[in-house]
Structure formats: C-alpha cells, structure tokens
There are 2 protein chains.
Amino acid sequence: MYTIGQISKLFHLPTSTLRYYDKEGLFPNIERSSGIRRFGEKEMEALRVIECLKKSGLEIKDIKQFMEWCAQGSSTYPQRREFFLRQKEVVEGEIRKMEKVLDMIRFKCWYYEQAIQDGNEDRLHEMLPDHLPKEIQLLYDHAHED
Amino acid sequence: MYTIGQISKLFHLPTSTLRYYDKEGLFPNIERSSGIRRFGEKEMEALRVIECLKKSGLEIKDIKQFMEWCAQGSSTYPQRREFFLRQKEVVEGEIRKMEKVLDMIRFKCWYYEQAIQDGNEDRLHEMLPDHLPKEIQLLYDHAHED
DNA sequence: TCTTGACCTAAAGTTAAGTTTAAGTATTAT
DNA sequence: ATAATACTTAAACTTAACTTTAGGTCAAGA
C-alpha cells in the first residue's frame, strides 16, 4: 500500500491531480487510515486505465462511469466489455486520422526542402495539385482526401 | 473567393470559430471588401494546415507563428522546414502512444470476454501478470511496459 | 418600405482539467 | 519536544479554445 506522495512519484502525477481524480470519483471506495488515502493494486491499475482512457479522448466523467461499474462487481462485465469495444473503434479511428496528419506533415517536409533548393515556390505551384512525384503525390492525396 | 459562411460550410466549422482564428492571427493579411472577409486558396490551405497542426497537438499561438513565417516569404523556408520536421517527430511519438493505448484496450476487451465466460475474475487473476495466453501477453506487456 | 439574412465587432460567458491557496492535522526525524 | 514533512480540505484561480450575446451595417427580395 502506498501514500499519495509515493504514487505521485511512481506515476509522475502531481498529488493535486491525484486528489482531483479522487474527488471526481475515479477511485471509488479507496481505503483511508485516519483520513489518509492508501493506494493499493486496484488504484494503481485504475491509474493505468485512466491514463489510457484519457489518451483515447474520454472525459473524466466517462472514466468515472467505468470505475463505478468496476466497483459494482461481476454484474457489469457486459457494460465494461461494450465500453472497451466502443473505445477500440474510437482509437482505431484516431490512429487513422493521425496517419493522415503525418502524411500532411511528410508532404510539407518535402515541400520546404524543394522550396529551399529552388529558392521559391514557383516550380512547386506548377506541380500542384496532381503533378507531384509519385511517392509525394500519395502523401498529398492521402492528406487532402475528403 | 468565398465568404465566411461558404467556408463555414465547406470546412464544417462555425463562423464564430473562423472569426476567432482570424482574430488570433491565423489568416495574416486576409483580403476584405468593405469590411467583409474574402477567403481565397491561401486561406483554404491555411485551414487544412490548421486542422492538421491542431490534431498534432499544437496550440493556436504556435500555429500563428507558422502562418506569420508564411506571410514573411521565402526567407523563412528553413524555419518552416524545421517546424514540420519537429512536428513529424511529435506525431510519430503520438502514434506510438496510441498503439499502446490500443493494445491496452484490446487486452481489456479480451479480459472482459473471459470474465463474462467465467462469471468472475478468479482465473484471470491467477494468470496475471505473466501467465497469459501468448498473443494476449504481448498486448498486456506492450500496454504495461515502462 | 420593410424585413430577412449574412456579414461585422467587442465583450462576456463556458467548459474541462487541472492548479493554487489557505488553513489545518498528522507523522517522522533529531 | 519540537521542527520539518507529508498529509488533509474547500474554495478560488487558471488556461485554451471556443461560443454566445448584444448591438450594428448592408444588400436583396416581397
């Protein structure tokens, strides 16, 4: 069992954030000894899940819902499964978007390399939007589609 | 040339957001005819870049800096190239993090499927942290590393 | 003519996720 | 015993990125 200060160091989170999470209900039924929070394995796994769900774009209140399901026991396994299945879709979508963002950035890296070599953007403007070198055209099209 | 309302529809952004971006300096030297903003190809490409850079985690003030370099002409090609090279690193890192998040979620999907089948988490608790089925262990380890 | 709709500005309001402050209690080290 | 540390709370503050509000201009259609 750990105190809030130890957990703060282990997870690189300020104690104020941990208290805020607790206040928001992210550690339902956390143990206390004479007022002081005791973080156990359950709370540590909760924190790992919190980090993960935050990265996946969820708000604190949605994460709280999940933690409440956990506290309710085996009757909520189906909700918890549905919750992660849904979040899987969300994150897969996010990653696809980020790949598009990355291709836009790769294109811009190439673009400015050419601009530096040429000293201007004249040749580049002539190539746009569909007379770019093959590899670059793929990046450009992916980044600009939809 | 388009009005703010047309651009709002084309980019699915409220006009209030477009005006906010303008106020924050994201369209330096945007044309106006009797007070009304005229969005041209330059502003449309700016908007595509804004969407992209926002997704990559940048704040409006950093994006403004880039737009100012663009307005300054060819002397800032090197800064702009460095800017995108840096952002490429950032986004590649983001994607790696999201792949980790995804593996945690995949693990949890499997976990709750097992829990539903078993009716409890006893067998799962016995398998943790390193006696999971091969494929699942890979997900778990990737998600929990560091 | 008048009213509808699209544009404009400045300023105030909103929201989420913390962070900071102020005041107090408890544990640990010397 | 006492001083320094680590814990506690409630409430106010912060920040970014919008959004809303209130008031105004201007052009086109009934």
Side-chain angles (χ1 to χ4, degrees), chain A residues 1-40 43-44 46-68 87 90 94 97 101, chain B residues 1-40 43-44 46-68 87 90 94 97 101:
Chain A
M1 290 295 247
Y2 303 88
T3 65
I4 202 167
Q6 295 170 320
I7 291 291
S8 165
K9 274 164 200 160
L10 279 169
F11 285 85
H12 311 107
L13 290 171
T15 58
S16 61
T17 301
L18 294 168
R19 292 201 185 95
Y20 165 70
Y21 286 170
D22 188 24
K23 200 174 50 156
E24 294 301 305
L26 264 40
F27 310 122
N29 324 323
I30 187 174
E31 260 185 66
R32 282 180 187 246
S33 68
S34 62
I36 287 163
R37 295 174 186 81
R38 321 305 324 277
F39 290 75
E43 283 73 31
M44 293 178 69
L47 272 171
R48 281 177 217 114
V49 172
I50 289 164
E51 301 271 84
C52 161
L53 294 179
K54 266 169 46 75
K55 278 246 95 206
S56 85
L58 283 176
E59 293 178 13
I60 299 292
K61 70 166 159 24
D62 302 316
I63 302 176
K64 176 190 173 164
Q65 170 68 274
F66 172 73
M67 294 305 170
E68 279 168 2
Q87 222 44 34
V90 169
E94 261 325 283
K97 278 188 211 160
V101 164
Chain B
M1 291 295 245
Y2 301 89
T3 66
I4 202 169
Q6 294 170 321
I7 291 291
S8 165
K9 275 163 199 160
L10 279 169
F11 284 86
H12 311 109
L13 290 171
T15 58
S16 61
T17 301
L18 293 168
R19 291 202 186 95
Y20 165 69
Y21 285 171
D22 188 24
K23 200 174 50 158
E24 293 302 305
L26 263 42
F27 310 122
N29 322 327
I30 187 174
E31 261 184 65
R32 283 184 187 240
S33 69
S34 61
I36 287 165
R37 294 173 185 82
R38 321 305 323 279
F39 289 76
E43 282 73 32
M44 293 177 67
L47 272 171
R48 281 179 217 112
V49 172
I50 289 165
E51 302 270 84
C52 161
L53 294 178
K54 265 169 48 74
K55 278 246 96 203
S56 86
L58 283 176
E59 293 178 12
I60 299 293
K61 67 164 160 27
D62 303 315
I63 302 176
K64 176 188 172 164
Q65 169 67 275
F66 172 73
M67 294 306 169
E68 279 168 1
Q87 220 45 34
V90 169
E94 259 328 281
K97 278 189 210 159
V101 164

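Computed over heavy atoms, backbone and side chain alike; hydrogens, waters and symmetry mates excluded. Quick note on labels: first sequence line is chain A, next is B, and so on, each numbered from 1. Please read these numbers as outputs of a predicted model, since none were measured by experiment.
- The backbone N or O of B/Arg48 sits nowhere less than 3.5 Å from a side-chain atom of B/Glu51 that would complete a donor-acceptor pair.
- Other residues, nucleotides and ligands contribute over 12 non-hydrogen atoms within 6.0 Å of the CD atom of B/Gln6.
- The phosphate of D/dT9 (OP1 or OP2) has a side-chain N or O of A/Arg32 nearer than 4.0 angstrom.
- Contacts with DNA chain D (heavy atom under 4.0 Å) in residues 3-19 of chain A: A/Thr3, A/Ile4, A/Gly5, A/Arg19, listed by number.
- With rounding to whole Å, A/Ile36 atom CD1 is found 8 Å from D/dC7 atom P.
- Within 4.0 Å of A/Lys23, counting heavy atoms only, lies no atom of the nucleic acid at all.
- Rounded to whole Å, the distance from CD1 on A/Ile63 to C1' on C/dA17 is 11 Å.
- Put simply, CZ on B/Arg38 is 16 Å from P on C/dA6, counting in whole angstrom units.
- Going from atom CD of A/Glu59 over to atom C1' of D/dA16 covers 15 Å, rounded to whole Å.
- In this structure, OH of B/Tyr21 is placed 17 Å from P of C/dT9, rounded to the nearest angstrom.
- Side-chain contact between A/Ser8 and A/Leu18 is present, with at least one heavy-atom pair separated by less than 4.5 Å.
- Counting only heavy atoms from C-beta on, B/Lys54 has its side chain closest to D/dA17 among D/dA17, C/dC7, D/dT8.
- The OH-P distance, from A/Tyr2 to D/dC7, rounds to 14 Å in whole Å.
- For the OP1/OP2 pair of C/dT27 and a distance below 4.0 Å, the side-chain nitrogens and oxygens of A/Ser34 include at least one atom meeting the criterion.
- Counting only heavy atoms from C-beta outward, the side chains of B/Glu24 and B/Ile63 never approach each other to under 4.5 Å.
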Stepwise side chain to side chain contact (heavy atoms under 4.5 Å, CB included) test for B/Tyr20 and B/Ile60: CA-CA 10 Å; B/Tyr20 165 69; B/Ile60 299 293; 4.1 Å; yes
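- In terms of heavy-atom proximity, A/Pro28 sits nearest to A/Met67 at CG-O, 3.7 Å.
- Regarding contacts with the backbone of C/dC7, every side-chain N or O of B/Arg37 stays at 4.0 angstrom or more from both OP1 and OP2.
- Of the candidates B/Ile4, B/Ile7, B/Leu47, B/Leu47 is the only one forming a side-chain contact (heavy atoms from CB on, under 4.5 Å) with B/Leu13.
- Between A/Leu26 atom CG and C/dA17 atom C1' the separation is 12 Å, expressed in whole Å.
- Look at OH on A/Tyr20: it is 13 Å from C1' on D/dT15, rounded to the nearest Å.
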